[in-house]
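Let me begin by presenting the structure, written as structure tokens, before commenting on it.
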Amino acid sequence: MAFYLKKTKLKGRTYLSIDESFYSHEKKGTAHKCYKSLGSVETWMEKGIPDPISYFQKEVDSLNQEKAAAGIRKISDVSPIRYLGYFPLKSILEKMQVKKYVDYFKLTNDFGYDLYELLSSLIYARAVLPCSKYKTFHEVLPNLYDTIHCSYDQLLDGLSFLGNDYEKFVEIFTVQTNKVFGLDTSKTYFDCTNFYFEIDREDDFRRKGPSKENKKEPIVGLGLLLDSRQIPIGMKMYPGNESEKPILRNVIDQLKSQNNVAGKTIHVADKGLNCAQNIAFSRKNGDGYLFSKAVKNLPGTEKTWVLLEDGFTDVKDKHGKLLYRYKSCIDEFPYKVEHEGREHTIRLHEKRLLTYNPSLASKKRYEINRMVEKAKSLTASQAKKAEYGEAGKYVNFTDKNGNKASASINQEAIDKDLKFAGYNLLVTSETEMKDTDIYNTYHNLWRIEESFKIMKSDLDARPVFLQKEETIKGHFLICYLTVLLERLFQFKVLGNEYSTSDIFQFIKDFKVTKGETKYINTTKSTDFIEELAAKLKLPLTNYFLTETQIKSILKRKI
């Protein structure tokens, strides 16, 4: 409330006092009390103050200014934001009972910190706000509801320890995943990728090699094995200078051996896999493959088959809209393989499934036409070849008498790409699979590549500004475990009804701000959070959350 100057008339004199108004809980309203009694106006005039009311009003104003200044809340050096979106991962991790196995490392190591607390906190931090380890320690970990008790040096030391034995920790999580949730390894899937590092010099682990992103910096390779429902069950890292062709076979064998996998492994890949050596290896070991192939690069006879209208089956949605068309054939197809320094042609019995997607066709044509317009504009302005970028594939560059190069639009290349827009060819060793099963399997298995995409973008695994090999491996272990827990939440808890992007968006966005007595939930409302709140019976959509409610969210068993 506030101070004010009170004037009271009594027996012909005017008495003054400074009173304070305040809220009374007893009266449930405003009350008053005397702060300072001043005596009468007449007495102060006799003392030489000609206008006592104006004189003491200044004192009242000063008191109110001091009170206002004292009541202004200053910003704190501690953020009031608390991340809560990691609670599903926390619940699953606790359900897996991994802690007791991680704690065994304490028997032979004097850490000075809790290794399980460090491991779990780094997983949660990586999910809610992926960033550098320095920023993670100073800006993310303090804003988790569960506090961590370690120094920055201890964090790096712990990460190094985890990386040095990363395969042991992967094994612990795989065994517990199978025990608690169950794994189906009658058929497994494998893919590999690489991560580049923004450093100039190579070391023993980060080596220059064939990068999928066409980068020149040193890279590290990573292979990932998943069960039949795309749950990660194994990870293997290897130096980037080692070719994927022989490494691929060694990594698959190692991962299958470590995880006691005896069933068939399907090597899934994008258009980058056209390595006959790997295909032949898969067939020889009783494994299989499933990959896509660029239609425009097929031999002439196969291109003719692609463009024939005969044999297509239409797949429509419930409203009758065409989703895609498909047709297939089974035959023997030639592949060239190298053996003892000589190239040989082998013929493999496989199934090829051709699909045409009208939505994809429209998107591709738009992209092609946009690049063509760019090419025409650059050609008209006589731009340099280097300025064309990807649009350069629609341009013919020729030298004029060995001097200046001239450019002209390559209409043949444009027509070729427009003709095959929307078509995709799936190639598989699994000839007994139904056409729709092949299509659905491949389009479900984008999750394998998505697992790597999560590590590359959503989880910010690359670039990694860490120096020690063990610390780098520890970083990727944290990424792998984060993906594993998200997959278990997605498949085992939510029944695969929501996308990975929906889940990670919720994990990142669900946070609260601490107020005086309650927490304020400023998370944006979405269909996902509404449905998750109903499914888990938690107050995720409440604007105000109490300490008790937040604890109930973090302790929720799912």
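These numbers were taken from a predicted model, which means no experiment stands behind them.
In summary, the side chains of Gln490 and Thr500 do present a donor paired with an acceptor at a separation below 3.5 Å, with no hydrogens or angles considered. In this model, a donor atom of one side chain and an acceptor atom of the other lie less than 3.5 Å apart for Glu530 and Ser525. Side chains of Glu470 and Tyr166: no donor on one and acceptor on the other come within 3.5 Å. Looking only at atom types and distance, the side chain of Asn250 has no donor-acceptor partner in the side chain of Gln254 under 3.5 Å away. Side-chain contact of Thr265 with Tyr189: a donor-acceptor pair under 3.5 Å is absent, judged by distance alone. Between the side chains of Glu531 and Tyr498, at least one donor N or O lies within less than 3.5 Å of an accepting N or O. Side chains of Gln258 and Glu167: a donor-acceptor N/O pair is present below 3.5 angstrom, by distance only. Between the side chains of Ser328 and Asp435, a donor-acceptor pair is found at a separation under 3.5 Å.
Between the side chain of Ser429 and the main chain of Tyr289, a donor-acceptor pair closer than 3.5 Å is present. A donor-acceptor pair under 3.5 Å is formed between the side chain of Asp317 and the backbone N or O of Gly320. Remark: side-chain polar atoms of Tyr238 are not paired, donor with acceptor, to backbone N or O of Val251 under 3.5 angstrom. Looking at Asp227, its side chain does come within 3.5 Å of a backbone N or O of Asp184 through a donor-acceptor pair. Between the side chain of Thr482 and the backbone N or O of Ile478 there is at least one donor-acceptor pair closer than 3.5 Å. A donor-acceptor pair under 3.5 Å is absent between the side-chain atoms of Asn259 and the main chain of Val261, judged by distance alone. In this structure a side-chain-to-backbone donor-acceptor pair under 3.5 Å is present from Thr136 to Ser132.
Residues satisfying the salt bridge (charged side-chain N to carboxylate O under 4.0 Å, His left out) criterion with Lys256, sequence neighbours excluded, are Asp287. Tyr124 is linked by a ring-ring contact (aromatic ring centres under 6.0 Å, His included) to Tyr86, counting only residues two or more places apart in sequence or in another chain. A search for ring-ring contact (aromatic ring centres under 6.0 Å, His included) contacts involving Phe506 returns Phe510, Phe528, not counting sequence neighbours. For Phe181, the side chain to side chain contact (heavy atoms under 4.5 Å, CB included) partners are Ile92, Lys95, Met96, Leu488, Lys492, not counting sequence neighbours.
Pairs engaging residues 320-329 under the salt bridge (charged side-chain N to carboxylate O under 4.0 Å, His left out) rule: Glu309-Arg325, Asp314-Arg325 [sequence neighbours left out].
Here Glu412 does not pair with Lys416 in a salt bridge; the nearest charged N to carboxylate O distance is not below 4.0 Å. Ionic pairing of Lys296 and Asp417 is present here: one or more N-O contacts between side-chain nitrogen and carboxylate oxygen are shorter than 4.0 angstrom.
For Tyr388 and Tyr394, the distance between ring centers is not under 6.0 angstrom.
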Val315 and Tyr326: CA distance, side-chain angles, deciding distance, side-chain contact (heavy atoms from CB on, under 4.5 Å) verdict: CA-CA 8 Å; Val315 177; Tyr326 70 88; 3.6 Å; yes

Candidate pair Lys264 and Glu430, rule salt bridge (Lys or Arg N to Asp or Glu O under 4.0 Å), full reasoning: CA-CA 11 Å; Lys264 176 181 282 191; Glu430 311 306 292; 3.0 Å; yes

Stepwise side-chain hydrogen bond (donor to acceptor under 3.5 Å, both in side chains) test for Ser292 and Tyr442: CA-CA 9 Å; Ser292 62; Tyr442 183 82; 3.3 Å; yes

List the atom pairs, donor and acceptor, that lie under 3.5 Å between side-chain atoms in residues 361-374 and the rest of the protein, sequence neighbours left out.
unit_1 : atom_1 : unit_2 : atom_2 : d
Asn369 : ND2    : Arg365 : O      : 3.1

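The neighbour count for Lys393 NZ, taken as heavy atoms of other residues, nucleotides or ligands under 6.0 Å away, is above 12.
Shown are Tyr324, Tyr423, Phe420; of these, the ring-ring contact (aromatic ring centres under 6.0 Å, His included) with Tyr356 is made only by Tyr423.
Phe333 does not carry Arg347 over the face of its six-membered ring by the limits of under 6.0 Å from the centre and within 45° of the normal.
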